[in-house]
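Accompanying notes for the structure given below.
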2 protein chains.
Amino acid sequence: MATPSNKNLRTEVRSAAFEQVREAHQTETAEDYVEMIADLIAEKGEARVVDLASAFGVTHATVNKTIARLNKEGFVTNEKYRSLFLTPKGQKMAEACKSRHEIVVGFLKSIGVSARTAELDAEGVEHHISPETLKAFAAFAKKKK
Amino acid sequence: MATPSNKNLRTEVRSAAFEQVREAHQTETAEDYVEMIADLIAEKGEARVVDLASAFGVTHATVNKTIARLNKEGFVTNEKYRSLFLTPKGQKMAEACKSRHEIVVGFLKSIGVSARTAELDAEGVEHHISPETLKAFAAFAKKKK
DNA sequence: AACCAATTGTAGCCTTGGCTAAGTTTTTTG
DNA sequence: CAAAAAACTTAGCCAAGGCTACAATTGGTT
């Protein structure tokens, strides 16, 4: 299949695409939480359950359950009734996410999307951007500037 | 707050963004299924459970459960052991999704992303694109052509 | 017509990520 | 410093979307 038609390409790639989406969904929450924890520590000196709940718009019970999972998976450390910290693994992930987020927001603005919408859409879009596309975004936004 | 700083904007918009993502996740499956059913009917004359399972890379049991939900929600009609059909509501949704999908793929290609990656990423990205951003994508791809 | 393979359906399990409600611990404040 | 408020934990519920295993139906072949 040296030069597949668009239709064949689409068919061929289909199930891989859906699998990629399912994988992204599994890391999405972890990414959002570590990034938010890093932001909160940077902005306010500490990250508390109540801050995360308010930032995500969910209840503190939900935050608690998620934190337990992130702890188990080695992204977060926490002592009972105390504020949250990132492990080195969590910090690394947070940095990558922050950078990716900024690239996506900057790119959307550079093609004329409003700042508000850029923020809103970036939050959903960023988890589904491959390295190749991210590179294209960064290159375009840079050229545009 | 007439001219909010970037930081304030981000904070202000945050929880709305996450809520938007959660909403998108709730419609995502419905959108993928109706679009796939429409494609299958167009390509092969009918849409069967087994085709959907293979296209999405999941088991037929999973497809079955999802179809039951889509039926309950009025997107799909099905008789036992027969192929699947879209309701008018489902057809309308399928058309909107197909169009949006094509815009996203075309746009990604227009900024230099390979056809394969464009397809892969579009599948995840398309559910998180607001009308404003979609418009910007379409305008850019058109200008580029 | 009967059998076999493929397809479809059903039951039951798991994880994630929501929620409410009730109980603890910490912190603030009168 | 004791009481009230705030923050946190825990338990238990729900729906979605995965899965395996088994049951039922359909459709082709012989």
Note to self: Between A/Thr66 and A/Thr62 (side chain of the first, backbone of the second, donor and acceptor by atom type, cut-off under 3.5 Å), is there such a pair?
What the structure shows: yes

Could you pull out the protein-nucleic contacts involving nucleotides 1-6 of chain C (nitrogen or oxygen on both sides, under 3.5 Å)?
none

Check: Are B/Phe85 and B/Phe75 close enough that their ring centers fall under 6.0 Å?
Finding: no

Item checked: Residues in ring pair (Phe, Tyr, Trp, His ring centres under 6.0 Å) contact with A/Phe56, at least two apart in sequence or another chain -> A/Tyr33, B/Phe18

Checklist line | A/Arg14 bridged to B/Glu43 by N-O distance under 4.0 Å | finding: yes

Next item on the list: Ignoring hydrogens and angles, state whether a donor on the side chain of B/His127 or B/Glu28 is under 3.5 Å from an acceptor on the partner side chain.
Entry: no

Below 3.5 Å is the cut-off: list the nitrogen or oxygen pairs between protein and nucleotides 26-28 of chain C, distance only.
none

Check: Mind checking whether B/His25 and A/His25 have ring centres under 6.0 Å apart?
Finding: yes

Note to self: List the residues meeting side chain to side chain donor-acceptor pair (under 3.5 Å) with A/Glu73, not counting sequence neighbours, and say none if there are none.
What the structure shows: A/Arg69

Margin query: Assess whether a salt bridge exists between A/Lys98 and A/Asp39, defined as any Lys/Arg side-chain N lying under 4.0 Å from an Asp/Glu carboxylate O.
Written below: yes

Give me the distances for all protein-to-nucleotides 15-19 of chain C N/O pairs that come in under 3.5 Å?
residue	atom	partner	partner atom	Å
C/dG17	OP1	A/Thr29	OG1	2.4
C/dG17	OP1	A/Arg69	NH2	3.4
C/dG17	OP2	A/Arg69	NE	3.0
C/dG17	OP2	A/Arg69	NH2	2.6
C/dG18	O6	A/Lys65	NZ	2.3
C/dC19	OP2	A/Thr59	N	2.9
C/dC19	OP2	A/Thr59	OG1	3.1
C/dC19	OP2	A/Thr62	OG1	2.9

Margin query: If the threshold is 4.0 Å, N to carboxylate O, is there a salt bridge linking B/Asp121 and B/Arg116?
Written below: no

Check: Does A/Asn64 have a side-chain nitrogen or oxygen under 4.0 Å from the phosphate oxygens OP1 or OP2 of D/dC8?
Finding: no

Item checked: Pairing residues for B/Asp32 by the salt bridge (charged side-chain N to carboxylate O under 4.0 Å, His left out) criterion, not counting sequence neighbours -> none

Notebook entry, point to check: B/Ile67 has an atom CD1; how far is it from atom C1' of D/dA16, in whole Å?
Noted result: 14 Å

